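Start at 1 and go down the list; that is how both ligands and their atoms are numbered. Treat the numbers as computed from the prediction; the structure is a model and nothing was measured.
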Amino acid sequence: MTEVLRVDPIHPDPALIRRAADCLRRGGLVAFPTETVYGLGAHALDRAAIQRVFTAKQRPANDPLIVHVASLAAAAPLVATIPGAARQLAGRFWPGPLTIVLRRSEQVPDEVTAGLQTVAIRVPSHPVARALIDAAQVPVAAPSANLFSRPSPTIAWHVLADLEGRIDMLLDAGATHVGLESTVLDLSGETPTVLRPGAIDLATLRELLPDVRMHRSSAARGEAMPSPGMLVKHYAPRTPVLHAGSRAAALRAMKHDAERRLERDETVAVLSYTEDLNEWRSLRVRLVDFGSEADPQVVAARLYAALRECDELNASVILVRSVTTAHPLSPAIHDRLRRAAAR
Ligand code: TXA
Ligand code: MG
């Protein structure tokens with residue numbers, strides 16, 4: 001049984017937080033909201049609890065977890081050293097949606113880091129996450145609270161849809177704010193490297209870290225997407241086909257794709273920016289509104305819920321085009337669409 005505790009997103013009831021914190025301290029699994037997405041929390045120094053996280057999510061053991069702490073000072077025992085750059089970044093962006101990868105100390109179990117010599121640390125800003133970590137007084141390992149390969153949860157219902165009965169407790173505080181996971185920045189090597197784009201974009205990081213670079217596999221922004229034909233092996237329910245390029249070119253390719261599929265009697269879902277909805281009037285596609293392309297903040301917040309809505313249409317494909325608005329969130333939105341399409 002998964003116990004659901006509803007809490008206020010700004011002023012959560014301390015008695016409820018205490019119950020959730022006790023559950024964590026005893027090795028239980030507690031899903032909780034962060035400013036990015038819901039996380040599935042476990043006592044980071046309790047190997048058995050960590051193993052339960054991997055089992056509950058059906059996550060492969062070679063994918064390391066982020067450890068959530070209250071402050072940079074609370075991270076100190078978990079890492080070998082805190083480089084100056086990490087101090088500066090923490091001063092500016094913590095609490096907030098930035099995860100920093102550092103060389104780890106002996107305290108961190110191998111189960112958390114998947115055997116790596118580094119550990120990912122984050123100080124979330126959501127008041128419920130902060131209250132929970134403060135009350136637990138232990139570091140909290142937390143991946144996103146979804147089943148492996150499903151979209152990350154941005155409302156409590158998504159967590160229950162994937163994990164009900166597999167976890168002990170869920171703190172329901174409504175929708176998360178950002179909607180995409182944190183930026184993951186690796187400071188353990190010679191050159192600071194963004195491993196996963198997120199709400200804090202490269203240009204903003206560059207103000208403090210002039211030599212920061214994007215990891216190659218996450219740098220695909222602006223690169224040509226493989227043609228839909230090349231993605232043929234991924235065609236399956238729940239797997240979007242992403243069309244890149246200018247609005248006009250991507251729309252043309254999407255419509256061509258949709259027409260071909262409709263001729264074959266396929267059910268076609270289209271995840272459409274509000275501005276594009278009219279383009280689909282004459283075709284028998286199932287539309288899900290992605291929000292206005294002019295407002296990437298809304299699109300980011302909608303993205304995972306919209307992908308789940310598309311899933312439920314039982315379509316053979318989900319057609320979507322990448323965001324073309326210049327905005328700090330656009331590279332992260334593109335990255336998540338690309339990953340969803342490659343799944
Ligand atoms: O916003 C977020 O980061 C959310 C909330 C819950 O905090 N968490 C999250 O966790 O997205 P998860 O497990 O879904 O993604 C963690 C990412 C993975 O891509 C993982 O490979 C990477 O962080 N990661 C964790 N530890 C790492 C390490 N030591 N070195 C490199 N990458 C690491
Ligand atoms: Mg995840």
Side-chain angles (χ1 to χ4, degrees), residues 29-42 44 50 53-54 56-70 75 78-80 86 93-105 108-126 128-130 132-133 139-156 158-159 162-163 167 170-171 173 176-189 192-200 215 217-218 300-301 303-304 307 329 332 335-336 339-340 342-343:
L29 302 188
V30 178
F32 63 96
T34 77
E35 68 279 19
T36 59
V37 300
Y38 274 76
L40 178 57
I50 299 303
V53 170
F54 283 90
K57 278 187 58 108
Q58 299 173 338
R59 176 171 170 128
N62 62 5
D63 196 356
L65 306 182
I66 297 172
V67 179
H68 298 64
V69 292
L78 307 174
V79 302
F93 298 111
W94 280 357
L98 176 68
T99 295
I100 303 181
V101 174
L102 296 171
R103 288 198 298 122
R104 62 178 251 199
S105 76
V108 185
D110 281 338
E111 285 81 355
V112 170
T113 68
L116 296 175
Q117 290 311 306
T118 55
V119 61
I121 308 276
R122 154 162 149 74
V123 177
S125 63
H126 195 294
V128 174
R130 290 175 64 76
L132 180 65
I133 295 164
V140 178
S144 50
N146 50 282
L147 281 175
F148 178 67
S149 93
R150 295 267 294 152
S152 293
T154 53
I155 55 173
H158 297 158
V159 179
D162 281 13
L163 299 177
I167 64 176
L170 162 62
L171 290 172
T176 61
H177 175 68
V178 178
L180 301 178
E181 305 88 338
S182 61
T183 302
V184 178
L185 172 67
D186 186 354
L187 291 184
S188 70
T193 305
V194 172
L195 303 179
R196 179 174 73 182
I200 297 174
H215 186 255
S217 76
S218 14
L303 194 145
Y304 287 131
L307 284 176
L329 280 168
D335 172 77
R336 300 310 190 275
R339 287 172 197 252
R343 200 156 57 203

Among all protein non-hydrogen atoms, which one is nearest to [atom], and what is the separation to 0.1 Å?
| atom | result |
| --- | --- |
| atom 7 (O) of ligand 1 | H68 NE2, 2.7 Å |
| atom 6 (C) of ligand 1 | G39 CA, 3.5 Å |
| atom 17 (C) of ligand 1 | R196 NH1, 3.7 Å |
| atom 25 (C) of ligand 1 | P64 O, 3.3 Å |
| atom 14 (O) of ligand 1 | S144 OG, 3.0 Å |
| atom 3 (O) of ligand 1 | S182 OG, 2.6 Å |
| atom 32 (N) of ligand 1 | L195 CD1, 3.8 Å |

Practice task
Check ligand 1 against A120 and write out every atom of the ligand that is under 4.0 Å from a heavy-atom position of the residue.
Solution key: 25 (C), 26 (N), 27 (C), 29 (N)

Handout entry: Pair S182-T99, side-chain donor/acceptor within less than 3.5 Å
Key = yes

Exercise for the section: May I ask you to check whether S152 and E181 show a side-chain donor-acceptor distance below 3.5 Å? Expected result: yes

Handout entry: G115 to R104 - nearest heavy-atom pair and separation
Key = C-NH1, 4.4 Å

Fill in the blank from the handout: One should read off an interatomic distance between T183 OG1 and R122 CZ, to the nearest 0.5 angstrom, of 9.5 Å

Handout entry: CD-CZ distance between E35 and R130, expressed to the nearest 0.5 angstrom
Key = 9.5 Å

Problem - ligand 1 contacted by T113 (non-hydrogen, < 4.0 Å) - result: no

Completion exercise
Short version for R59: what comes under 4.0 Å of ligand 1, heavy atoms counted, is side chain

Practice task
May I ask you to identify, for T118, whether its side chain, its backbone, both or neither come under 4.0 Å of ligand 1 on a heavy-atom basis?
Solution key: both

Exercise for the section: Using 2.8 Å as the cut-off, count the protein N, O or S atoms closer than that to the Mg ion (ligand 2). Expected result: 1

Practice task
Mark yes when over 12 heavy atoms from residues, nucleotides or ligands other than R103 sit less than 6.0 Å from its CZ; otherwise mark no.
Solution key: no

Exercise for the section: Using distance alone, decide if ligand 1 has a nitrogen or oxygen within less than 3.5 Å of any nitrogen or oxygen in D63. Expected result: yes

